[in-house]
Amino acid sequence: MNKREKLIALIPALWASIFDITITTIHQPKEYWNGNLNIANEGNPIGNFMMKSHVSGLFIISTIWLILIGIIGYYLPRKISRIFLLFVLMVHSWAASTWIGPIYGFWFVILFILFNSILFYIINDKVNKKNI
């Protein structure tokens, strides 16, 4: 894979991660943003710890994670990188769905997963130089 293909391969995983981070941020209770850090609502134990430590904890851990996805996804050997990036896509799709389902409903989860699946398929074809 050349540099361009390696960067393109990162898109689905980064998209799902950013979406998950965004929906997590948007749906934190108002009290959290007003300083009651104990009310942080996050399933990831590391993210939860960071959010309960400082109001910017979510942004710090998210920035570090996005950088790690980029570095790991770019520099790992091709097969391992593809597995890692698919894993990240699946995990963040699931994590975002835990917000989407209760708030927006079942069909929005289905549409989100469908969109992510199509995005992965399109990017996979581009990286593997297949015509769709």
Side-chain angles (χ1 to χ4, degrees):
M1 249 189 330
N2 63 37
K3 289 180 183 183
R4 182 177 178 273
E5 291 166 341
K6 286 181 179 183
L7 290 172
I8 290 171
L10 297 172
I11 292 171
L14 289 172
W15 147 253
S17 300
I18 291 168
F19 186 92
D20 181 27
I21 293 163
T22 301
I23 200 164
T24 299
T25 302
I26 290 170
H27 291 292
Q28 289 305 306
K30 188 179 193 178
E31 296 82 13
Y32 175 79
W33 299 114
N34 289 332
N36 184 358
L37 301 182
N38 290 322
I39 201 167
N41 187 359
E42 173 55 40
N44 177 332
I46 298 167
N48 188 279
F49 170 78
M50 293 293 290
M51 288 177 69
K52 288 183 175 178
S53 298
H54 195 276
V55 74
S56 64
L58 174 63
F59 304 111
I60 293 167
I61 195 69
S62 296
T63 300
I64 292 168
W65 178 234
L66 291 170
I67 291 168
L68 280 173
I69 292 169
I71 291 170
I72 294 169
Y74 188 87
Y75 287 106
L76 280 175
R78 178 183 165 83
K79 281 188 177 184
I80 298 170
S81 172
R82 299 299 290 146
I83 291 168
F84 170 74
L85 293 171
L86 178 59
F87 168 76
V88 171
L89 172 67
M90 291 172 65
V91 167
H92 281 285
S93 294
W94 167 79
S97 76
T98 66
W99 286 104
I100 298 169
I103 296 170
Y104 302 102
F106 173 82
W107 290 110
F108 282 94
V109 172
I110 297 302
L111 291 172
F112 177 67
I113 300 296
L114 176 63
F115 176 84
N116 287 352
S117 300
I118 293 168
L119 178 63
F120 179 81
Y121 181 81
I122 290 169
I123 295 297
N124 192 53
D125 277 356
K126 287 194 181 302
V127 168
N128 293 316
K129 297 180 171 99
K130 295 178 185 173
N131 294 324
I132 57 171

With side chains defined as the heavy atoms from C-beta onward, is the minimum distance between [X] and [Y] less than 4.5 Å?
{"X": "Val127", "Y": "Arg78", "answer": "yes"}
{"X": "Leu85", "Y": "Ile69", "answer": "yes"}
{"X": "Ser62", "Y": "Phe59", "answer": "no"}
{"X": "Ile39", "Y": "Gln28", "answer": "no"}
{"X": "Pro12", "Y": "Asn116", "answer": "no"}
{"X": "Met50", "Y": "Leu58", "answer": "no"}
{"X": "His92", "Y": "Trp65", "answer": "yes"}

- Does the ring center of Phe19 lie less than 6.0 Å from the ring center of Trp99?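 No, the ring of Phe19 stays outside the 6.0 Å limit from the ring of Trp99, centre to centre.
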
- Item | Aromatic ring proximity His27/Tyr104, centre distance under 6.0 Å |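 Ring centres of Tyr104 and His27 closer than 6.0 Å.
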
Neighbour count above 12 (heavy atom, 6.0 Å) for [X] [atom1]:
{"X": "Met1", "atom1": "CE", "result": "yes"}
{"X": "Ile46", "atom1": "CD1", "result": "no"}
{"X": "Trp94", "atom1": "CH2", "result": "no"}

- Message: Please determine whether a side-chain nitrogen of the Lys or Arg among Lys52 and Glu42 lies less than 4.0 Å from a carboxylate oxygen of the Asp or Glu.
- Response: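 No, this pair does not count.
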
- Item | No-hydrogen, no-angle side-chain donor-acceptor test under 3.5 Å, Asn44 and Asn48 |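 Distance-only check fails for Asn44 and Asn48.
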
- Query: Would you say Tyr32's side chain and Met51's backbone share a donor-acceptor pair under 3.5 angstrom?
  - Reply: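 Confirmed, Tyr32 side chain pairs with Met51 backbone.
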
- Task: Describe, in one word, how the ring planes of Phe115 and Trp15 are oriented to each other, choosing from parallel (under 30°), tilted (30 to 60°) and perpendicular (over 60°).
- Result: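 Judged by the thresholds at 30° and 60°, the geometry between Phe115 and Trp15 is perpendicular.
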
- Query: Closest heavy-atom contact between Asp20 and Ala96?
  - Reply: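 Where Asp20 meets Ala96 most closely, the heavy atoms are OD1-N, 3.5 Å.
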
- Indicate the atoms forming the closest heavy-atom contact of Ser97 with Pro102, along with that distance.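 Nearest pair, atom of Ser97 first, then Pro102: O-CD, 4.0 Å.
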
